[in-house]
Peer 1: 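Take this structure first; my questions come after.
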There are 2 protein chains.
Amino acid sequence: MTQAQLKKSSRIQQRNRSLILDAALEVFSQHGYRGTTLDQIAERAGLSKPNILYYFEGKEEIHVTLLNQLMETWLDPLVTLDPEGDPLSEILNYVQRKLDMAHELPRQSRLFAGEILQGAPRMGPHLEAGLKPLFDEKCALIQIWMDAGHLRPVDPRHLIFSIWATTQHYADFASQVDVLLQGEPQPQQGAEDYLVTLFTRLLKP
Amino acid sequence: MTQAQLKKSSRIQQRNRSLILDAALEVFSQHGYRGTTLDQIAERAGLSKPNILYYFEGKEEIHVTLLNQLMETWLDPLVTLDPEGDPLSEILNYVQRKLDMAHELPRQSRLFAGEILQGAPRMGPHLEAGLKPLFDEKCALIQIWMDAGHLRPVDPRHLIFSIWATTQHYADFASQVDVLLQGEPQPQQGAEDYLVTLFTRLLKP
DNA sequence: TCGTGGCTTTACCAAATGGTAAAATTTACC
DNA sequence: GGTAAATTTTACCATTTGGTAAAGCCACGA
């Protein structure tokens, strides 16, 4: 245990841990925490169940590990909102990056959504500690931009919520979107253009 | 069985079925399909597990029943989009009604979201048959409004997606929203005002 | 070549879970 | 009040599931 945590661990450990995490991401994101069995993860990872429990203490540790890894990636686009940049471009760029993530990492997006849906039982404190300060900081930044007249004023918090909601919708509700968009030529481009229009009309002074 | 389906059923049947469905809605919406046990439903309903299986064939039938009931309620605000009304008012009214629903029926909202998140495994055909035609019809209506110059043109499909996404966000991600909104005494702008602003600026000619 | 320590498998287990059979009880109606 | 049907309880069961113990395997340095 101490070994696995302190040393950068052997090649085989790294390989198997990432094999397990990848398999787990696939299954957890599709079936949720309780809907996922260790056997499913084991099969997808090509390892035996006890072997998986050699690398992780239990099902919950795998899930929490995934969630923690996710946090970084997830918050990154918000972190990079630049106070020095052009306000509208910064916001639109943020929308763009979130939308790209929804398209490129749908499994992570669904994992996150599923966890929040159930009240973030395995993420609560981590959420408050990691997300809240960043959220407050960026709200303040946006407020400054608005006060300076660079953006039309709206509540920054709801602005951020609506960016999250619209961008993640495409990953989280993909099955619904797909059914309803049957026959559209370039769905990806459509979403992008639409969201740029939406937030430009909202914010452009 | 045939009795229960054909006759309007006794008072006691109605009472117990709705007791079960209410308990099941609570638990399913909180823990998801696989995360919910018949024992949990039974306890919350104040009935024994075998008694529950007297009224429903199994866990899945309870879940499907809930989903089907939900469909009606859920689609209703979209159904009432009126071709004769003022276009912008009709859209804003739709937003308003969806937001009210998210506030008043958060359990239903989360149940629906959870089902879609997992690829709608117990809803697939029902979705396509019930939602798609209505969706196409209302997209066409909105397109007509736009062509006539009553609304600024955007892709009607993405407009509807963004309305769903933003309004449901408040119910589905309530735990996240609550954490992030902590400590602000008076929100300068409520969700309702914000969304009205958002869609007005998007659509007003 | 022989240990030694990290890794993997085999063989389990206890609890939880969806579900059933049938006896016991209540209800509705005459 | 009596009886047949509807309802509820008691006592189970088979399977699934997260997890463990311990034996076996394998790579590698001495």
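In the text below, chain A, chain B and the rest are named by the order of the sequence lines, each starting its count at 1.
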Peer 1: Starting from C1' on D/dT20, measure out to CG on A/Leu53 and report it in whole angstrom.
Peer 2: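 Whole-Å distance recorded here is 9 Å.
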
Peer 1: Atom CG of A/Asp39 and atom P of C/dT9: how far apart are they, to the nearest Å?
Peer 2: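 Checked: the CG to P distance equals 14 Å.
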
Peer 1: Could you tell me which non-hydrogen atom of A/Asp22 sits nearest to which non-hydrogen atom of A/Arg107, and how far apart they are?
Peer 2: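 Result for this residue pair: OD1-NH2, 3.1 Å.
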
Peer 1: Counting just side-chain N and O atoms, does A/Asn51 come under 4.0 Å of either OP1 or OP2 of C/dT9?
Peer 2: yes

Peer 1: Please state how far atom NE2 in B/His31 lies from atom P in C/dG18, giving the value in whole angstrom units.
Peer 2: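 That distance rounds to 13 Å.
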
Peer 1: Would you indicate what B/Thr37 reaches in the nucleic acid, counting non-hydrogen atoms under 4.0 angstrom: base, sugar-phosphate, or nothing?
Peer 2: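 Sugar-phosphate, no base atom in range.
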
Peer 1: Are any of B/Gln13's side-chain N or O atoms less than 4.0 Å away from OP1 or OP2 of D/dT7?
Peer 2: yes

Peer 1: Figure out the CD1/P separation between B/Ile52 and C/dT17, and round it to whole Å.
Peer 2: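 Taking atom P of C/dT17 as the reference, CD1 of B/Ile52 is at 14 Å.
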
Peer 1: Rounded to whole angstrom units, what separation is found between the CD atom of B/Gln40 and the C1' atom of C/dG18?
Peer 2: 13 Å

Peer 1: Return the value, rounded to whole Å, for the distance between atom CG of A/Leu38 and atom C1' of D/dT20.
Peer 2: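 Taking atom C1' of D/dT20 as the reference, CG of A/Leu38 is at 13 Å.
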
Peer 1: For the pair B/Tyr33 and B/Phe28, name the ring-plane relationship: parallel under 30°, tilted 30 to 60°, perpendicular over 60°.
Peer 2: parallel

Peer 1: Can a side-chain donor-acceptor contact be found between B/Arg17 and B/Thr65 if the only test is distance below 3.5 angstrom?
Peer 2: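 No pair is found: no donor N or O on one side chain lies under 3.5 Å from an acceptor on the other.
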
Peer 1: Phosphate oxygens OP1/OP2 of C/dT8: is one of them under 4.0 Å from a side-chain N or O of A/Ser48?
Peer 2: no

Peer 1: Establish whether the base of C/dG18 is bridged to the side chain of B/Lys49 by a donor-acceptor pair shorter than 3.5 Å.
Peer 2: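 Yes, a donor-acceptor pair under 3.5 Å.
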
Peer 1: Could you tell me the separation between the CD1 atom of B/Ile62 and the C1' atom of C/dG18, rounded to a whole number of Å?
Peer 2: 11 Å

Peer 1: Find which nucleotide of DNA chain C each of B/Tyr33 and A/Arg15 is nearest to by heavy atoms, and output the residue with the more 5' nucleotide.
Peer 2: A/Arg15

Peer 1: Picking from A/Leu198, A/Val196, A/Thr197, what satisfies side-chain contact (heavy atoms from CB on, under 4.5 Å) with A/Tyr194?
Peer 2: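 Among A/Leu198, A/Val196, A/Thr197, the one that satisfies the side-chain contact (heavy atoms from CB on, under 4.5 Å) with A/Tyr194 is A/Leu198.
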
Peer 1: What's the closest nucleotide to the A/Pro50 side chain, out of C/dC7, D/dT10, D/dT20?
Peer 2: D/dT20

Peer 1: Could you pick out which residue, B/Arg34 or B/Asn16, lies toward the 5' side of DNA chain D when each is mapped onto its nearest nucleotide?
Peer 2: B/Asn16

Peer 1: Could you check whether A/His158 and B/Tyr170 have their ring centres less than 6.0 Å apart?
Peer 2: yes

Peer 1: Over how many whole Å does the gap from B/Leu47 atom CG to C/dG19 atom P extend?
Peer 2: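 B/Leu47 atom CG is separated from C/dG19 atom P by 17 Å.
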
Peer 1: Just to confirm, is there a sub-4.0 Å distance from OP1 or OP2 of C/dT8 to any side-chain nitrogen or oxygen of A/Tyr54?
Peer 2: no

